[in-house]
There are 2 protein chains.
Amino acid sequence: MYKVNGKEYQCSISIVQDIFNDKWKLGIIWHLMDGAKRYKELNEQVCDITQKTLTIKLRELEEHKIIQREVFAEIPPKVVYSLSHIGEKLRPILHAMYEWGIEYVKECGEFKEGATCESKLS
Amino acid sequence: MYKVNGKEYQCSISIVQDIFNDKWKLGIIWHLMDGAKRYKELNEQVCDITQKTLTIKLRELEEHKIIQREVFAEIPPKVVYSLSHIGEKLRPILHAMYEWGIEYVKECGEFKEGATCESKLS
DNA sequence: CTGCATCCTACATGATACTG
DNA sequence: CAGTATCATGTAGGATGCAG
């Protein structure tokens, strides 16, 4: 039995399931793997996400301590988000997911030209 | 640009996001990593899932070719589910998620006795 | 630029009962 | 045993406008 963020889980895999059970968090983390980014950059790079949803998801990731939020006292405002220590440890998992996706397309789908999302496999 | 299962994706990571964006699929796959299992076994082992939802998720995983469904012509009925070739390739990813979950609890949560879900890290 | 406040809807999931 | 059939519900997410 594990207890995190006020919830109880039977298995550590269900923690991961629960945290990432939405449409956006993986994509946000994926883009933060480039390095720290501003709100607007994320808004542009995470395809089709609305401002409202981006804000909510960033807050959730921050509460879960997977990302950090840094505010600069400037005009106009500047806020930068980056992966935390534990967030950084997601990197190999996201890489593996990325590669699995490629494999999956090879077996079950089609590949088209013009993929816009570079691999981040530095 | 990728096209799988009738949908288009900008990035292979979004394929993975889309496929596993629900409350149950990771858990189902996790339990199938033990080996092939019957409907009832899954119903018991995937905590708190209802029959209706289990059926829906198994159908989706089958459509996506991540699991296989095998029917035995017996009375009473016997149906067995198992990971497909591409499904098997999720194994290291789930393992990594499991371990990340442990790390996450160490940093951000509490550990209690009585975790019921063995690690499957044979 | 970085948000928040509303309003709204679709869909994922749950509860329960039933069947070949 | 392995599912369907109904009914009900919460909430994630979208659209839009406003604010410091």
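The structure displayed is predicted, hence computed values, not measured ones.
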* **Sidechain N-carboxylate O distance under 4.0 Å for B/Lys89, A/Glu103** =>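 So B/Lys89 pairs with A/Glu103 through a salt bridge.
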
* Asked: Reckon A/Tyr81 touches a base, only the sugar-phosphate, or nothing at all at heavy-atom distances under 4.0 Å?
  ->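 Sugar-phosphate contact only - A/Tyr81 comes under 4.0 Å of backbone atoms but never of a base.
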
* Reckon B/Lys52 touches a base, only the sugar-phosphate, or nothing at all at heavy-atom distances under 4.0 Å? ->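 Base, at least one base atom sits under 4.0 Å.
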
* **Side-chain donor/acceptor of A/Lys25 to backbone N/O of A/Leu61, under 3.5 Å** =>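 Between the backbone of A/Leu61 and the side chain of A/Lys25 there is no qualifying donor-acceptor contact (under 3.5 Å).
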
* Is A/Asn43 reaching over with its side chain to a backbone N or O of A/Ile49, donor-acceptor style, under 3.5 angstrom? ->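 Between the backbone of A/Ile49 and the side chain of A/Asn43 there is a qualifying donor-acceptor contact (under 3.5 Å).
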
Distance check needed: [N] [atom2] versus [X] [atom1], whole Å only.
| X | N | atom1 | atom2 | value |
| --- | --- | --- | --- | --- |
| A/Asp22 | C/dT13 | CG | C1' | 16 Å |
| B/Arg69 | D/dA2 | CZ | P | 10 Å |
| B/Lys23 | C/dG14 | NZ | C1' | 9 Å |
| B/Ile49 | C/dG14 | CD1 | P | 7 Å |
| B/Trp24 | C/dG14 | CH2 | P | 5 Å |
| B/Asn43 | D/dA2 | CG | P | 10 Å |
| A/Leu54 | D/dA12 | CG | P | 16 Å |
| B/Ile75 | C/dG20 | CD1 | P | 13 Å |

Short side-chain N/O contact from [X] to OP1 or OP2 of [N], under 4.0 Å:
| X | N | result |
| --- | --- | --- |
| A/Thr53 | D/dG14 | yes |
| A/Arg38 | C/dC1 | no |
| A/Lys57 | D/dG13 | yes |
| B/Lys40 | D/dC1 | yes |

* Do B/Ile29 and B/Phe20 come close enough that some side-chain heavy atom pair is under 4.5 Å? ->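 Contact flag for B/Ile29/B/Phe20 side chains = yes.
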
* **Toward the 5' end of DNA chain D, by each residue's nearest nucleotide, A/Pro77 or A/Glu60** =>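 It is A/Glu60, whose closest nucleotide lies nearer the 5' terminus.
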
* Nearest-nucleotide 5' precedence on DNA chain D, B/Asn21 against B/Pro76 ->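 Result: B/Pro76.
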
* Asked: What's the closest nucleotide to the B/Thr55 side chain, out of C/dT13, C/dC4, D/dG3?
  ->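 Within the option list, the nearest is D/dG3.
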
* Asked: Does atom NZ of B/Lys78 have more than 12 heavy-atom neighbours, drawn from other residues, nucleotides or ligands, at distances under 6.0 Å?
  ->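 Yes, NZ of B/Lys78 has more than 12 neighbouring heavy atoms, counting only those of other groups under 6.0 Å.
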
